[in-house]
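Keep in mind that the numbers below use all heavy atoms, side chains included, and drop hydrogens, waters and symmetry copies. The structure presented is a predicted model; accordingly, all values stated were derived computationally and were not measured. Both ligands and their constituent atoms are indexed starting at 1 by order of listing.
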Amino acid sequence: MKLLITGATGLVGKELVKKAQASGLEIHFLTTQQSKINSIDDAKGFYWNPECQQIDTSCFEGVSTIVHLAGATISKRWTTAYKKTILSSRIQTTQLLFNRLNNLEGDHNVTQLVTASAIGVYPSDFDQTVDEKTQVAPNSFMEKVVIDWEQESDSFKTLGVKVNKLRIGLVLAAHGGVVASLKVPTLFGLGAAFGNGKQGQSWIHLSDLVSLFLYAIDKQWEGTFNAVAPNPVSQSRFISALAKSLKRPHIFPPLPKFLIQLLVGEMSSLVLDSHWVSAQKVLDNGFVFEHEKINSALESIFNEK
Ligand SMILES: NC(=O)c1ccc[n+]([C@@H]2O[C@H](COP(=O)([O-])OP(=O)(O)OC[C@H]3O[C@@H](n4cnc5c(N)ncnc54)[C@H](OP(=O)(O)O)[C@@H]3O)[C@@H](O)[C@H]2O)c1
């Protein structure tokens, strides 16, 4: 079985490639950087330029599932221009894949698209747990990005391709992502929550996330699934678990909301919004998590070499 992975050189993609190859899957990947075409061992890289709608269509040869992870990072200052990049990098890439597959007029083997989505699609809520049936609406920038991205992905259904959208939570990994960003201040005893610290943080260990992608492919899932561990925690609890795993004190009170808003503007929603997200649907569909609790997830991350 062969996968075509976009964003294969990123945090999630790199780990997914490793685990997929270990399971005997062949990998094609698309990269926007010519220099990365030969960067992954035993995988075949292809260049694409989504802005110019340019792609090497031989990337589809023999592929049964496309895993679409590509997108500009959201962890960079949200200027007006960069907000356009966040959105367009997800929409243009999805359109390019769709258009070229459509042009092949059925002369391909693709039966499934598994795409990264995000729990940022849900309205911020400090009390209620949200699930895949929760009504979503484009009330914030992030909600709009994810809704548009998911809608674009759904166009593949018109090609007879199954569309599976994994709404990913905060990814916990040893090298990169939120843990890497918070590790240094926490090591210096400066770890602190934001706002009132009661925001729900729905996280997932990177290893579970890539297993979930592979499970979704194996089971040929369709529709929307939350990719989060079963036990979300408040942000204060998250920061104190992080400090505990690093054997450091957690003494700092949360940083005031107004200060965060003043410093980073609209982007403050990334740390001030609250998402208590249910993992029940993936559990009901037979997925077994390796890391269900925050303490063991963080311990495993810091024990990684
Ligand atoms: N990490 C998280 O906590 C998290 C949470 C929720 C959702 N997600 C979503 O999951 C996906 C993968 O996340 P990740 O953490 O692995 O992301 P990442 O490390 O930032 O990697 C994303 C990849 O996308 C490609 N890319 C970057 N800018 C692009 C652009 N302007 N146009 C086209 N491709 C571009 C890059 O690959 P090339 O340089 O090879 O082209 C990059 O390696 C993303 O779409 C992200 O939004 C992540």
For atom 37 (O) of ligand 1, the protein heavy atom that lies nearest, with its residue and separation: T9 OG1, 3.1 Å
Region of A70 that comes within reach of ligand 1 [heavy atoms, distance under 4.0 Å]: both
Distance, nearest 0.5 Å, that separates CD of E61 from CG of L104: 9.5 Å
Atom 2 (C) of ligand 1 touched by protein (heavy atom, under 4.0 Å): yes
Under 3.5 Å: N/O of T32 near N/O of ligand 1: yes
Within-cut-off N or O pair, G10 and ligand 1, under 3.5 Å: yes
Heavy-atom gap W149 to ligand 1 smaller than 4.0 Å: yes
Distance from atom 30 (C) of ligand 1 to nearest protein heavy atom, with residue and atom: S89 CB, 3.6 Å
Heavy-atom nearest neighbour in the protein, as seen from atom 23 (C) of ligand 1, with distance rounded to 0.1 Å: G7 CA, 3.6 Å
Distance-minimising heavy-atom pair for F29 and S39: CZ-OG, 4.2 Å
Heteroatom proximity flag, L69 to ligand 1, N/O under 3.5 Å: yes
K144, NZ: over 12 other non-hydrogen atoms inside 6.0 angstrom: no
Donor-acceptor contact present, side-chain W203 to main-chain N231, <3.5 Å: yes
Taking atom 10 (O) of ligand 1 as the reference point, the nearest protein heavy atom with its distance: A116 CB, 3.5 Å
G169 to ligand 1, any heavy atom closer than 4.0 Å: yes
Heavy-atom nearest neighbour of atom 29 (C) of ligand 1 within options A72, G176, G13: A72
Greater than 12 external heavy atoms within 6.0 Å of K183's NZ: no
Nearest-neighbour protein heavy atom for atom 27 (C) of ligand 1, which is reported as residue plus atom name and distance: G71 O, 3.5 Å
R90 heavy atom under 4.0 Å from ligand 1: yes
Geometric class of the F287/Y215 ring pair [parallel <30°, tilted 30-60°, perpendicular >60°]: perpendicular
Heavy-atom nearest neighbour in the protein, as seen from atom 4 (C) of ligand 1, with distance rounded to 0.1 Å: V171 CG2, 3.8 Å
Minimum-distance protein heavy atom relative to atom 13 (O) of ligand 1: V12 CG2, 3.8 Å
Greater than 12 external heavy atoms within 6.0 Å of K2's NZ: yes
Ligand 1 versus S117: contacting region, heavy-atom distance under 4.0 Å: backbone
D107 atom CG: more than 12 heavy-atom contacts under 6.0 Å: no
Aromatic ring proximity, centroids under 6.0 angstrom, W78 and F141: yes
N/O donor-acceptor pair under 3.5 Å between R248 side chain and K244 backbone: no
Straight-line distance of M267 CE to T79 OG1, nearest 0.5 Å: 10.0 Å
Which of the ligand 1 atoms, numbered from 1, are nearer than 4.0 Å to a heavy atom of Q33: 39 (O)
Protein residue, atom and distance nearest to atom 19 (O) of ligand 1, heavy-atom basis: L11 N, 2.9 Å
Atoms of ligand 1, numbered as shown, that sit under 4.0 Å from any heavy atom of K36: 38 (P), 39 (O), 40 (O)
Flag if over 12 foreign heavy atoms under 6.0 Å of CG, N103: yes
